[in-house]
*Asks:* 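Provided herewith is a single structure, encoded as structure tokens, for subsequent inquiry.
Whatever order the structure lists them in is the order used to number ligands and atoms, beginning at 1. This one's a predicted model, so the numbers in the text were calculated from it and none came from an experiment.
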Amino acid sequence: MAEVKLTYARYGKDKVRVFRIVRGPTHHDVVEYTVCATLEGDIDVSYTQADNTVVIATDSCKNTVNVFAKKSAHVLSPELFALELGIHFVTKYAHIHKAHIDIIQHKWTRINVTETGKAHPHSFVRDGDDKRLIGVIVDATKGTDAISATVKSGITDMLVLKSSGSAFENFYTDEYRTLPDVSDRILSTSVDCSYTITLPPQPLTLTRLDKLGIDFAAIATSVRNTTLDTFATDQSASVQATLYNMCKKIISDNKEVYDVSYKLPNKHYHAVNLDFMGLPNLKPAEAEVFQPVESPSGLIMATVTRA
Ligand SMILES: O=c1[nH]c(=O)c2[nH]c(=O)[nH]c2[nH]1
């Protein structure tokens with residue numbers, strides 16, 4: 001047998017599906033999460049010596065998510081809920097030094113009733129495929145009185161399209177280029193955005209969570225609105241340039257945001273040739289019927305960081 005060593009180990013429960021109702025006096029709030037909770041620490045012997053005594057069962061990790069969903073005062077904020085879970089794992093178990101909590105928040109938007117013009121107190125609609133993504137790492141490797149954390153938050157699967165206000169011109173020309181300059185085109189992408197939030201000076205404790213003073217929901221709303229507003233209003237020179245404009249505004253508007261990353265597929269729409277019917281549809285000014293192209297798509301990515 002070759003000499004080997006274990007260089008990284010982490011385990012836990014993925015795809016923990018949880019739904020929580022918070023019953024208020026006048027209305028209910030609901031959240032639906034898919035949680036992935038994984039742990040690092042002094043767990044090597046479970047891999048190398050078949051010693052399970054150090055293993056908090058992944059089933060127990062799942063139970064912990066459900067118990068905290070019931071007891072947490074922060075459950076409506078995925079960032080705070082993730083921090084709370086992470087702090088729990090690294091403080092409850094002396095041999096667990098890092099917890100990774102990843103949450104997908106599924107959409108439930110309050111229904112506005114047409115007849116009354118009012119938001120309904122306990123009825124909701126899934127009004128889009130977009131989800132919020134939260135990734136928290138709680139780190140107690142320097143001890144439980146020196147816990148630090150990183151918080152990433154973001155959006156995924158937010159499909160957008162504009163039928164004008166997008167150009168792509170003056171790009172590199174050589175023998176491989178076949179694409180003509182276009183001054184007006186369809187632009188469509190499925191937004192995947194992630195941003196890092198700087199937490200106030202650590203260390204972190206469960207009780208300090210109440211006093212973090214960061215309005216995670218307001219930042220999420222700002223990021224979503226800026227993404228949509230910039231996509232709509234920017235006279236786009238390219239996906240790259242529009243992406244950068246989104247990042248600049250998000251970092252300017254949100255002092256807690258340290259960096260922003262986007263992954264933007266450029267979902268192409270090709271004008272259909274209708275010459276066989278004598279219908280002009282190929283020149284940009286005449287094109288009205290398009291074929292949405294599943295693949296390939298462009299893929300434009302970048303991270304912009306506060307200087
Ligand atoms: O906005 C764009 N960026 C590109 O890099 C690119 N490449 C391409 O073929 N079309 C586009 N559009």
Side-chain angles (χ1 to χ4, degrees), residues 104 107 127-133 135 152-196 219-254 257-276 279-307:
I104 304 166
K107 241 181 162 183
D127 60 346
D129 293 330
D130 54 309
K131 299 151 202 85
R132 290 194 58 210
L133 289 185
K152 281 180 178 282
S153 200
I155 306 166
T156 192
D157 294 337
M158 187 164 76
L159 190 59
V160 289
L161 178 148
K162 63 197 287 184
S163 54
S164 185
S166 163
F168 187 59
E169 297 170 299
N170 302 319
F171 50 95
Y172 198 90
T173 298
D174 65 6
E175 68 275 27
Y176 287 97
R177 173 175 169 172
T178 59
L179 196 68
D181 277 5
V182 58
S183 60
D184 190 41
R185 64 173 181 175
I186 291 173
L187 182 59
S188 178
T189 189
S190 177
V191 175
D192 189 313
C193 168
S194 160
Y195 51 95
T196 308
I219 298 171
T221 301
S222 163
V223 169
R224 188 175 200 278
N225 288 345
T226 294
T227 303
L228 292 175
D229 293 354
T230 308
F231 179 80
T233 61
D234 189 40
Q235 186 57 46
S236 176
S238 64
V239 177
Q240 287 90 330
T242 299
L243 179 163
Y244 190 67
N245 287 339
M246 291 172 179
C247 295
K248 267 197 303 190
K249 180 156 169 54
I250 288 169
I251 291 175
S252 301
D253 290 352
N254 297 279
V257 173
Y258 175 67
D259 63 33
V260 186
S261 301
Y262 278 96
K263 256 193 227 171
L264 300 178
N266 188 5
K267 297 170 87 67
H268 304 303
Y269 283 72
H270 290 167
V272 177
N273 186 342
L274 299 176
D275 286 352
F276 65 96
L279 296 168
N281 194 63
L282 288 181
K283 291 192 189 123
E286 301 164 343
E288 293 169 312
V289 176
F290 296 82
Q291 182 187 6
V293 178
E294 209 51 56
S295 61
S297 55
L299 183 57
I300 317 297
M301 299 179 273
T303 298
V304 177
T305 304
R306 189 178 290 280

*Asks:* Rounded to the nearest 0.5 Å, what separation is found between the CE atom of M158 and the CG atom of D192?
*Replies:* 10.5 Å
*Asks:* Going by the closest heavy atom to atom 1 (O) of ligand 1, which one wins out of T189, L179, V239?
*Replies:* V239
*Asks:* Give the contacting part of R177 toward ligand 1: side chain, backbone, both or neither, where contact means a heavy-atom distance below 4.0 Å.
*Replies:* neither
*Asks:* How far does CG of L187 sit from OG1 of T242, to the nearest 0.5 angstrom?
*Replies:* 6.5 Å
*Asks:* If you define the side chain from C-beta out and look only at heavy atoms, does anything of F290 sit under 4.5 Å from N281?
*Replies:* no
*Asks:* For atom 12 (N) of ligand 1, which protein heavy atom lies nearest, and how many Å away is it?
*Replies:* R185 NH1, 3.0 Å
*Asks:* Looking only at protein heavy atoms, which one is nearest to atom 3 (N) of ligand 1, and how far off is it?
*Replies:* Q240 OE1, 2.9 Å
*Asks:* Work out which heavy atom in A167 is nearest to a heavy atom in S183; give both atom names and the distance.
*Replies:* CB-O, 3.4 Å
*Asks:* Where's the contact between N266 and ligand 1, heavy-atom distance under 4.0 Å: side chain, backbone, both or neither?
*Replies:* side chain
*Asks:* Just to confirm my output: which protein heavy-atom neighbour is closest to atom 11 (C) of ligand 1, and how far is it?
*Replies:* F168 CE2, 3.3 Å
*Asks:* Any non-hydrogen atom of E169 lying under 4.0 Å from ligand 1?
*Replies:* no
*Asks:* In ligand 1, which numbered atoms sit nearer than 4.0 Å to a non-hydrogen atom of S238?
*Replies:* 1 (O)
*Asks:* Go through it in stages, so that I can follow the logic: the residues are D229 and K249, the test is salt bridge (charged side-chain N to carboxylate O under 4.0 Å, His left out), and I'd like the CA-CA distance, side-chain angles, deciding distance and then a yes or no.
*Replies:* CA-CA 11 Å; D229 293 354; K249 180 156 169 54; over 6 Å; no
*Asks:* Can you tell me how far CD1 of I219 sits from CG of D253, rounded to the nearest 0.5 angstrom?
*Replies:* 11.0 Å
